[in-house]
Number of protein chains: 2
Amino acid sequence: MSTGSPAHDGSARDVSRAGRLAAERLDVDRLDTGRLAAERPEGYDPRAFEPFAVTVDLAVFTIRAGQLHTLLIRRGEPPYAGRWALPGGFLHARESAEDAARRELAEETGLPDALVADLQLEQLRTYSAPDRDPRMRVVSVAYTALVPDLPEPAASGGGDADQARWTPVATVGPLAFDHAAILADALDRTGAKLEYTCVATAFCPPEFTLGELQQVYETVWGATLDRPNFRRKVLASPGFVTPVPGASRLTGGRGKPAALYRRGPATTLHPPLLRPR
Amino acid sequence: MSTGSPAHDGSARDVSRAGRLAAERLDVDRLDTGRLAAERPEGYDPRAFEPFAVTVDLAVFTIRAGQLHTLLIRRGEPPYAGRWALPGGFLHARESAEDAARRELAEETGLPDALVADLQLEQLRTYSAPDRDPRMRVVSVAYTALVPDLPEPAASGGGDADQARWTPVATVGPLAFDHAAILADALDRTGAKLEYTCVATAFCPPEFTLGELQQVYETVWGATLDRPNFRRKVLASPGFVTPVPGASRLTGGRGKPAALYRRGPATTLHPPLLRPR
DNA sequence: CCCTTTAATAGTCGAGGTGACTATAAAAAG
DNA sequence: CTTTTTATAGTCACCTCGACTATTAAAGGG
């Protein structure tokens, strides 16, 4: 947590990692990684090495009109036909879970590849309950992504735009599979990450005002913050934001124009910006 | 992060979750979860739905003789024959990853089932680099467990005791597969969790002195802490520890006997106990 | 053009947490 | 009995933070 990416991004590490002993379906004697045959418990079940399907699911958040939105996709086929679900899909044969998440995000949101490439993408948790899919065993690696408010709505990428939509998290109804639990976990994690990392700027455009940054915190936390104190805290955190010299923008039309900032080089907040209560 | 288990324990939730749409190997048209056929990119590869093997790996930590130790197992077969590795194994057909981790932990450490059942067990991260196993595709869900210093060394459970050992993390050599990276991630995470959760007591026996608790922090962080200040902080955190009335224990033989405490009901630390610098 | 409104920015003050430090109490060793 | 050792109690300055007030710079209405 000290100096690493706020998203606990491990893809670069993943790629350079050596492989791990694995099952070969017809060679049961060599299947049980890391354990000797002598150590195996009695009742050893060959079905233990049944293959699994592996998917990624994405909780993508943005802030639009002062409300936290998440990207949902309407399912067209059973089970859960007609239900909304998190975007996601299967791992391809030669890609890591993070690569798959990035690919799915690009495909389903139609974001330019350049934007997707350097996006905040954090591995949330892996969901592996045996009955989470009624038809077969599926293990899913969930990721969280934070994006700025997009000029173009989601699913502009060629597909049926009606099938993918930004939905205010407050109005999200029942979701397919265990996606409601994944979404809840993602919300918890995102709120917590705002406290001790600089990821809040991921919700903002390249240049933003401190008022807009504060709105990110207030929207995600569902709390109101004291503006002078928030300002003092952010400016006192080295590397959180860097001022754009001479630049300012009229925020609401009225009032004093606000100075503009860009995201700084820091990824963690020392000390943290704790949410009230 | 607010009131949940410090280990982000999601097993209870997992079990109650509905299943997720999955691949059926002979029904390619229904394989791509959450996406319509119209949305699929060209060059769609049927091998994308190749089955994966899913394993769990365990970074088990304990403190012994003032040093942080981790449980390692010596591999008996290639690849990496003779190398040390983290304990772990394959998911069985009808168990969640957390259940598998708990089962593997019980099998490989020989701990009493009762102890394993209510153990701190936290999902760390999922490792999915395509080349992490030279023979086939293996996705591994890594867990971290913190245990008190065990009277009996590891692998007392029937097997070849020479194949499993507590090893000081400072002297861990090269490990099999990407286990060195997993171990490093687990160390990072454990150090960070000590700051804002109460998991440190997981390293201690049921009754412990504040000096022993402080040693946990000092050992994991590799730093020395001021004793009066540590004491003040711990006692000021409601629910972190509860005193055992009238009980005391001679710690080193010499000196004033220390009061005994048990772990309290709290799981998170407000405000956090930040490590120095 | 002046005055009001609105929002950003600057500054103040006290409570509380924390680091560094000193002092006392209770045990064993000599 | 004295020394040593370790737990425990207490002190003090600094720094952060929450709550609050004051000033500045824009738009809008008369």
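In what follows, every chain begins at residue 1, and chains take the letters A, B, ... in the order their sequences are listed.
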Tell me: [atom1] of [X] to [atom2] of [N], nearest whole Å?
X	N	atom1	atom2	result
B:Leu225	C:dG17	CG	P	19 Å
A:Leu235	D:dT16	CG	C1'	15 Å
B:Glu195	C:dT18	CD	P	12 Å
A:His270	D:dT16	NE2	P	14 Å
A:Arg231	D:dC20	CZ	C1'	17 Å

With B:Phe61, the side chain to side chain contact (heavy atoms under 4.5 Å, CB included) member among B:Leu71, B:Leu187, B:Thr219: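 Per the side chain to side chain contact (heavy atoms under 4.5 Å, CB included) rule, the option paired with B:Phe61 is B:Leu187, out of B:Leu71, B:Leu187, B:Thr219.
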Nearest-0.5 Å distance, CD of residue B:Gln215 to CD of residue B:Gln67: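 Result: 11.0 Å between the selected atoms.
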- prompt: Just to confirm, is there a sub-4.0 Å distance from OP1 or OP2 of C:dG17 to any side-chain nitrogen or oxygen of B:Lys233?
  reply: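 No, no such contact exists.
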- line: Whether each nucleotide of nucleotides 19-30 of chain C has a protein heavy atom under 4.0 Å at its base (B), only at its sugar-phosphate (S) or at neither (-) is summarised, 5' to 3', as BBB---BBBSS-
Determine whether a donor-acceptor pair (N or O, by modelled atom type, separation under 3.5 Å) exists between the side chain of [X] and the backbone of [Y].
X	Y	answer
B:Glu104	B:Pro87	no
B:Arg263	B:Thr201	yes
B:Arg102	B:Val116	yes
A:Ser237	A:Lys233	yes

query: Is the CG atom of A:Asp118 crowded by more than 12 outside heavy atoms at less than 6.0 Å?
result: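 Result for CG/A:Asp118: enclosed.
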query: Near DNA chain D, which residues from residues 201-222 of chain A have a heavy atom under 4.0 Å away?
result: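 Nucleic-acid contacts, sorted: none.
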- request: In plain terms, say whether A:Arg249 and A:Glu212 are close enough for a salt bridge, that is, a side-chain N and a carboxylate O under 4.0 Å apart.
  value: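 Result for this pair is yes, salt bridge flagged.
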query: When all nucleic acid strands are considered with a 4.0 Å heavy-atom cut-off, which category describes B:Ala259: base, sugar-phosphate, or nothing?
result: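 Sugar-phosphate, no base atom in range.
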field: Bracket notation of DNA chain C in which parentheses pair within the strand, [ ] cross earlier pairs, and | pairs with another strand (Watson-Crick or G-U, under 3.5 Å)
entry: ||||||||||||||||||||||||||||||
- prompt: Between the side chains of B:Asp149 and B:Thr62, does any donor sit under 3.5 Å from an acceptor?
  reply: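 The answer is no; no qualifying pair exists.
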message: Tell me whether A:Arg125 forms a cation-pi arrangement with A:Tyr127, defined as NZ or CZ under 6.0 Å from the six-membered ring centre and within 45 degrees of its axis.
response: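 A:Arg125 over A:Tyr127 ring: yes.
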message: Could you check whether B:Phe208 and B:Tyr261 have their ring centres less than 6.0 Å apart?
response: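 No, ring centres 6.0 Å or more apart.
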